[in-house]
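Atoms considered below: every heavy atom in the structure, side chains included; atoms not considered: hydrogens, waters and symmetry mates. Reminder, nothing fancy here: chain letters follow the sequence lines and each chain counts from 1.
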Amino acid sequence: MGAQPLTLPRAFYDRPVLAVARDLLGALVDRRTVEGTVTLRLTEVEAYDGAADPGSHAFRGRTPRNATMFGPPGHLYVYFTYGMHWCMNAVCAPAGTAAAVLLRAGEVCGGRQLARSRRPGVRAERDLARGPARMTRALGVDRSLDGTDLVDPTAPLRIRPGRPVADDLVVVGPRTGVGGDAAAYPYRFALLGEPTVSPYRAAARRPSLPDSAHARRND
DNA sequence: CGGCCGATCCACT
DNA sequence: GTGGATCGGCCGA
């Protein structure tokens with residue numbers, strides 16, 4: 001993993017997902033709609049290593065929801081979570097391997113006004129796309145973009161190379177909100193000192209239910 | 001800043 | 001029926 005510029009579309013093919021994740025730092029995302037275009041620079045991503053990764057949606061095999069992950073690289077995988085949030089990934093590696101990079105945070109560097117209109121109530125500039133669900137909201141991304149070809153020049157959402165990022169600016173650590181056996185995997189990549197990097201949160205611990213909650217009613 | 005909490009609904013078991 | 005690759009509000013330090 002070096003500081004070589006991201007070259008597309010080859011960037012998503014035949015490379016370990018960790019290398020793709022690292023090189024997506026600093027890359028530019030363009031989201032085009034009739035209202036205009038929002039551009040952001042990626043500052044934080046997480047790798048999900050397909051069926052081998054207990055933290056990945058693909059770990060338990062292919063389902064209707066994660067089908068895009070199993071498809072060809074260079075496409076967008078969008079999923080819905082917590083009853084209200086969308087998150088987006090760049091699918092990489094050959095079809096069938098289901099590796100993807102979750103795009104977690106970015107710095108809005110174009111279409112600021114449009115991004116703000118999609119994120120009413122946000123005060124600080126850095127909070128516009130500071131977190132995966134905030135990012136999709138700022139960009140106007142939902143399920144309709146699942147499967148988008150990221151390297152098609154006419155696509156409504158594209159990823160293109162940004163300025164190369166030196167290794168000493170890359171921070172690696174455990175993924176946010178991932179628990180279980182994969183909790184410690186160092187699959188999270190962020191840019192050092194960037195205010196747009198989302199705060200780290202350990203996986204939510206499920207409170208253990210009192211025994212009475214498990215007791216069967218027998219009346 | 002850090003911790004706790006509720007929101008909200010879909011995918012999967 | 002269960003719980004989530006999260007967020008924003010509210011609280012206390």
Other residues, nucleotides and ligands only: do more than 12 of their heavy atoms fall within 6.0 Å of [atom1] on [X]?
X: A:Arg118; atom1: CZ; value: yes
X: A:Asp142; atom1: CG; value: yes
X: A:Arg143; atom1: CZ; value: yes

With sugar-phosphate meaning primed atoms plus P, OP1 and OP2, does [X] contact a base, only sugar-phosphate, or nothing at under 4.0 Å between heavy atoms?
X: A:Tyr82; value: base
X: A:Met135; value: nothing
X: A:Arg119; value: sugar-phosphate
X: A:Gly55; value: base
X: A:Arg201; value: base
X: A:Arg65; value: sugar-phosphate

Requested in this report: Report the base-pairing partner of B:dT8 (Watson-Crick or G-U wobble, both distances below 3.5 angstrom), or none.
Outcome: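 Pairing partner: none.
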Paired to C:dC10 by Watson-Crick or G-U wobble criteria (both distances under 3.5 Å) is B:dG3
Please report the distance, rounded to the nearest Å, between [atom1] in [X] and [atom2] in [N].
X: A:Arg123; N: C:dG8; atom1: CZ; atom2: C1'; result: 13 Å
X: A:Asn66; N: B:dC10; atom1: CG; atom2: P; result: 18 Å
X: A:Arg143; N: B:dC10; atom1: CZ; atom2: P; result: 10 Å
X: A:Arg175; N: C:dA5; atom1: CZ; atom2: P; result: 11 Å
X: A:Met84; N: C:dG8; atom1: CE; atom2: P; result: 11 Å
X: A:Asp146; N: B:dA11; atom1: CG; atom2: P; result: 11 Å
X: A:Leu102; N: C:dA5; atom1: CG; atom2: P; result: 10 Å
X: A:Arg137; N: C:dG8; atom1: CZ; atom2: C1'; result: 12 Å

* To do: Identify whether the distance between the nearest side-chain nitrogen and carboxylate oxygen of A:Arg188 and A:Glu44 falls below 4.0 Å.
  => yes
The nucleotide from B:dC1, C:dA5, B:dA7 with an atom nearest the side chain of A:Ser56 is C:dA5
Winner on side-chain proximity to A:Tyr77, out of C:dA5, C:dG8, B:dC1, is C:dA5
Below 6.0 angstrom between ring centroids: does that apply to A:His57 and A:Tyr48?
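A:His57 vs A:Tyr48: aromatic centres not under 6.0 Å.
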Under 4.0 Å from OP1 or OP2 of [N]: is there any side-chain N or O of [X] that close?
X: A:Arg130; N: C:dG8; value: no
X: A:His57; N: C:dA5; value: yes
X: A:Arg134; N: C:dG8; value: yes

dist A:Leu114:CG -> A:Arg31:CZ (nearest 0.5 Å) comes out at 9.5 Å
- Task: Would you kindly compare A:Gly177 and A:Asp127 by the position of their nearest DNA chain C nucleotide and give the one closer to the 5′ end?
- Result: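 Taking each residue's closest nucleotide, the earlier one in sequence belongs to A:Gly177.
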Of A:Gly83 and A:Arg60, the one whose nearest nucleotide on DNA chain B sits closer to the 5' end is A:Gly83
**Report entry** Distance-only donor-acceptor test (3.5 Å): side chain A:Tyr79, base C:dA5
**Finding:** yes
